[in-house]
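Structure provided below as structure tokens; questions to follow.
Just so you know, these numbers use all the heavy atoms, side chains as well, and skip hydrogens, waters and symmetry mates.
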Amino acid sequence: MPSVFFSYSHADEGLRDQLEKQLAMLKRQGVIDTWHDRRIGPGENIHAAIDDHINRDQIILLLVSADFIASDYCYDIEMKRAMERHHAKEARVIPVILRACDWNNAPFGELMAVPKDGIPVTRWPDIDEALLQVAKAVRIAAADIASSGASSPAALHSAPAAVRSVPIAAPAVARSSNLRLAKTFTQRDRDQFQLETFEFIARYFENSLSELTARNPGFEGNFRKVDAGRFFATIYKEGKDVARATIYLGDDSFSKGINYIHGQTTGSNSMNESLRVEADEHSLHLLSMGMRSLGLERDKKLSQEGAAELYWSMLVDPLQQGSGW
């Protein structure tokens with residue numbers, strides 16, 4: 001079966017773990033195997049192990065972020081070798097855009113990236129949906145390799161002798177590669193993430209309102225920070241207010257989430273939608289109460305950008321649909 005090599009920055013290890021979960025069905029079905037540097041055993045030569053896999057694995061995922069591009073090892077060694085093998089038709093390279101960065105001008109910018117349209121994983125409202133698109137792309141690549149016969153033993157070792165690594169010895173002691181344990185997040189971690197998310201949403205709205213004004217003659221967006229935990233967003237058309245929203249941090253007496261309400265208010269006893277901080281075994285994320293969608297999107301894990309876009313759409317969707325307020 002084809003083996004999948006993860007080329008990534010350790011700053012993106014959490015996202016790599018979530019992607020590997022999405023590939024679990026492919027592994028269970030025997031469609032692929034996966035490898036990354038956390039599988040290197042004690043006493044193994046790190047660089048030799050990486051070289052061995054980058055020179056023989058048939059599917060190479062470039063997990064792209066600013067940290068990936070800034071890493072001399074990821075960019076100058078792993079990515080360069082991956083592209084050489086891709087052009088030689090020895091491997092299939094798939095760029096996976098994890099976080100926003102200037103990737104289009106990189107050598108792999110010529111390749112079709114995932115998720116769809118190269119929109120970074122962290123910008124999708126539902127991270128799982130974005131990573132599922134990556135898993136589907138890997139399934140297609142594995143099927144293409146299998147149908148072309150590229151999974152034969154000869155193809156597995158098709159790298160030129162000058163660059164192919166000398167095979168390394170297997171670890172002296174057999175062990176599992178499933179060694180990563182669940183992370184524990186404290187209440188302080190959750191509170192800090194909520195504050196950072198609120199500030200992110202505030203910047204997102206301020207920038208979006210400014211850009212909306214620049215792009216749409218006759219419309220004007222206005223952002224006003226009321227205090228450290230509340231801001232107003234207003235859209236005017238020909239001087240008339242056509243959309244208003246308040247986003248505020250709740251308290252224990254009502255809702256401790258990040259709340260949205262149509263209109264402008266300094267009160268904290270109502271909402272049209274609320275976001276709360278949740279955690280899985282790898283990362284913190286946001287969940288909406290689903291009030292806007294009647295609960296249909298309640299279980300979707302939202303990134304900070306996904307949360308901001310959810311609230312932004314609540315402000316502008318009525319205008320885009322021509323209903324106004």
Side-chain angles (χ1 to χ4, degrees), residues 99-102 116-120 122-127 129-130 193-251 253-277 285-298 300 302-325:
R99 297 186 282 124
C101 58
D102 183 18
K116 183 180 178 182
D117 298 327
I119 298 174
T122 55
R123 291 189 59 185
W124 284 72
D126 184 353
I127 290 178
E129 181 179 347
F193 183 73
Q194 178 169 283
L195 288 172
E196 290 173 355
T197 300
F198 177 80
E199 291 299 329
F200 180 92
I201 294 174
R203 293 193 303 272
Y204 194 90
F205 266 68
E206 186 173 17
N207 294 336
S208 299
L209 288 166
S210 176
E211 187 67 17
L212 180 143
T213 300
R215 293 192 183 193
N216 298 276
F219 285 84
E220 180 184 353
N222 179 266
F223 173 89
R224 181 158 71 93
K225 194 78 174 285
V226 180
D227 53 40
R230 184 183 303 265
F231 68 84
F232 295 155
T234 306
I235 299 175
Y236 298 95
K237 180 179 180 182
E238 306 297 344
K240 178 183 178 181
D241 59 318
V242 291
R244 290 182 182 269
T246 301
I247 295 177
Y248 68 95
L249 287 170
D251 56 33
S253 63
F254 184 66
S255 169
K256 202 177 179 181
I258 302 173
N259 304 319
Y260 179 105
I261 184 169
H262 295 306
Q264 291 184 357
T265 178
T266 56
S268 301
N269 58 355
S270 63
M271 68 181 75
N272 295 106
E273 184 57 275
S274 181
L275 297 165
R276 69 180 187 275
V277 175
H285 57 271
L286 299 135
L287 291 179
S288 76
M289 289 184 64
M291 298 166 69
R292 177 174 183 253
S293 60
L294 301 178
L296 296 178
E297 299 182 355
R298 183 174 297 167
K300 285 189 176 181
L302 301 177
S303 64
Q304 289 181 329
E305 185 136 7
E309 184 61 26
L310 171 67
Y311 278 176
W312 175 254
S313 67
M314 291 180 67
L315 179 68
V316 301
D317 275 359
L319 301 180
Q320 293 171 337
Q321 296 167 8
S323 62
W325 282 355

Of all residues at least two apart in sequence or in a different chain, which pass the ring-ring contact (aromatic ring centres under 6.0 Å, His included) check with Phe219?
none
Within-4.5 Å side-chain heavy-atom neighbours: Thr234 and Leu209
no
Do any N or O atoms from the side chain of Ser274 and from the backbone of Asn259 form a donor-acceptor pair under 3.5 angstrom?
no
Can you classify the ring geometry of Phe223 versus Phe231 as parallel (below 30°), tilted (30 to 60°) or perpendicular (above 60°)?
tilted
Between the side chains of Gln304 and Thr197, is a donor N or O closer than 3.5 angstrom to an acceptor N or O?
yes
Does NZ in Lys237 sit with more than 12 non-hydrogen atoms of other residues, nucleotides or ligands closer than 6.0 Å?
no
Return the OG1 to CG distance between Thr213 and Asn222, rounded to the nearest 0.5 Å.
8.5 Å
Are side-chain heavy atoms of Ser268 and Arg230 found at a separation under 4.5 Å?
yes
Side-chain donor/acceptor of Asn272 to backbone N/O of His262, under 3.5 Å
yes
Candidates Trp312, Phe200, Phe232 - the one meeting ring-ring contact (aromatic ring centres under 6.0 Å, His included) with Phe205:
Trp312
Residues that Tyr236 engages under ring-ring contact (aromatic ring centres under 6.0 Å, His included), provided they are two or more places apart:
none
How many angstroms lie between NZ in Lys300 and CD1 in Ile127, if you round to the nearest 0.5 Å?
12.5 Å
Look only at the side chain of Glu273 and the backbone of Met289, and say whether a donor-acceptor pair between them is shorter than 3.5 Å.
yes
